[in-house]
Number of protein chains: 2
Amino acid sequence: MMTAIAPLAPVDRDETLTEKVYSRLRSALVGGRLVPGQKLIHRQLAVELGVSPTPVREALLRLVSEGALDLDARGIAWVPRLPPERYAEIMDLRVELEGRAAARAATLATAADLAALRAIHARLMVGRRAKDGAVVLAENERFHFGVIAIARMPVLQRVVETLWTQAGPTISLLSAVPRPVSPAGHPHDDLLRALKAHDSVAARAAVERDLREHAVIVAPLL
Amino acid sequence: MMTAIAPLAPVDRDETLTEKVYSRLRSALVGGRLVPGQKLIHRQLAVELGVSPTPVREALLRLVSEGALDLDARGIAWVPRLPPERYAEIMDLRVELEGRAAARAATLATAADLAALRAIHARLMVGRRAKDGAVVLAENERFHFGVIAIARMPVLQRVVETLWTQAGPTISLLSAVPRPVSPAGHPHDDLLRALKAHDSVAARAAVERDLREHAVIVAPLL
DNA sequence: TTATGCAATTTGATATAGCAAACGCCATGT
DNA sequence: ACATGGCGTTTGCTATATCAAATTGCATAA
């Protein structure tokens, strides 16, 4: 007789094609490689990706249900243009939700958490100096979701992910316009200090400044 | 030559089977007709509903992406049991988001808006006196989303919809335990007064009391 | 030149088919 | 009684087929 001597994590089935296609499309959206107005024909995408139309269709429908894509009258998916007031609504919600997560993260962050965040931010700054927009975008996303992960708020995390995806093509405009150096320093540094000091109020304020500075840059581009 | 003499609204295509199945499943979830732990086999559902497996699968995947269903290791969809801390997280987010919407609704509500909300709440009270849990649940949902609609915050509305669906099977426990009559009166009445007075602070407080009183009833059942 | 009409193509929605993995059941053996 | 092995069934995932509606391109007519 052979029983498990330790609780083993169950093997999670390998990623389905639907999930792979979804990830690739989402990454293209938040990376600015899909521009507002662009149509996504599922049969054509299927040929390009070398898969059948079914998983592509499922991935597109998922993005539609998250608000990242729209369907026209025929049912063709396209990247919506974000009206300024909708962008503002998304940013207001991000301020509240990410601020809330940061406040909680301040009470939970360990030294290891902080070290990981600092490493991410360091890579972001390298990318910025190298004027590599793709790196800045990717590391910025890692940093923000790294903070949320520390807060252990899975429902909020999922909501912010959908907000991020919805604003993706707009956020990525940032990579075109390099962020000016703020005299007050990078908000991520403020946030790191607040997390280290377990200062929830300062953490929330740092997130708010970070997002508001984003918004000031992006809003005129809409 | 014949041109449009007025900008006509484009005919939106009739609902797809996927959408019909989604609506029916979502309604079953928030109506408590699907209980935590229950499995949803898409091929079996397809037979029951008289459609092919494809639209059923798409509807299930959408609910999964909204967090209303989980997939087990095999990919079978099931209604998750909500851990108490996750229920608490959802309710905290609802308090913030619905409170924010109510505050804004207070600045925008018209007399017609108020009349519509009062009619909904009246039907809710009729259902409560008749001990008709289904009516109470349905009218309560209409009331809450009616307030959000007044606030015109489409992104927030979508988020609250997903939160509502996630907590659906749990919220519906309310229909089993009739809500005790609060000495302070029904929070919806407070909210209606606040909306009429354009008092954003009171509106937010009324929503918070409403949701907290729900939580007090439901939490022990988890 | 512009409008009209028709056929071929494109496309989304749905149904069906094929495959592989997992499950369940039952017979067999110890 | 319990473990083991095997086989048929169930099930999700992906591909393919079918259909209808919309679009496009082009020839023709005014």
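Quantities reported herein were computed from a predicted structural model and do not represent experimental measurements.
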Quick one: is Gln44(A) getting a side-chain N or O under 4.0 Å of the dT10(C) phosphate, OP1 or OP2? no
Atom-to-atom span, CG of Asp72(B) to P of dG12(D) - whole angstrom: 9 Å
Rounding to a whole Å, what distance do you find between Leu71(B):CG and dT11(D):P? 15 Å
Between dA21(D) (P) and Asp14(B) (CG): distance, integer Å: 9 Å
Please tell me whether Glu161(B) and Gln157(B) have a donor and an acceptor in their side chains that are separated by less than 3.5 angstrom. yes
Separation of dT11(D) atom P from Lys39(B) atom NZ, nearest Å, is 9 Å
Once you round it to whole Å, what is the distance between C1' of dG12(C) and CD of Glu19(B)? 12 Å
I'd like to know if Arg26(B) and Glu141(B) make a salt bridge, using a cut-off of under 4.0 Å between side-chain N and carboxylate O. yes
What protein N or O atoms touch nucleotides 17-21 of chain C N or O atoms at under 3.5 angstrom, if any, and at what distances?
from	atom 1	to	atom 2	distance (Å)
dG18(C)	O6	Arg43(B)	NH2	3.4

Min side-chain heavy-atom separation Leu71(A)-Trp78(A) under 4.5 Å: no
Exam field: side chain Glu89(A) to backbone Val155(B), donor-acceptor pair closer than 3.5 Å: yes
Quick check: does any side chain N or O of Asp210(B) sit under 3.5 Å from a backbone N or O of Val207(B), one acting as donor and the other as acceptor? no
Grab the CG-P distance between Leu40(A) and dT11(C) for me, whole Å please. 12 Å
Mind checking whether His188(A) and His144(A) have parallel, tilted or perpendicular rings, split at 30° and 60°? perpendicular
Contact residues, residues 51-65 of chain A to DNA chain C [heavy atom, < 4.0 Å]: Arg57(A)
Nucleotide nearest Thr16(B) (side chain, heavy atoms from C-beta), chosen from dA13(C), dT11(D), dT14(D): dA13(C)
Rounded to whole Å, CG of Leu49(A) lies from P of dA15(D) at a distance of 11 Å
Less than 4.5 Å apart, side chain to side chain, heavy atoms only: is that true for Val79(B) and Asp70(B)? no
Would you call Arg62(B) and Glu19(B) a salt bridge, using N to O less than 4.0 angstrom? no
Are Glu98(A) and Arg204(A) ion-paired here, with the side-chain N under 4.0 Å from a carboxylate O? no
Grab the NE2-P distance between His42(A) and dT10(C) for me, whole Å please. 14 Å
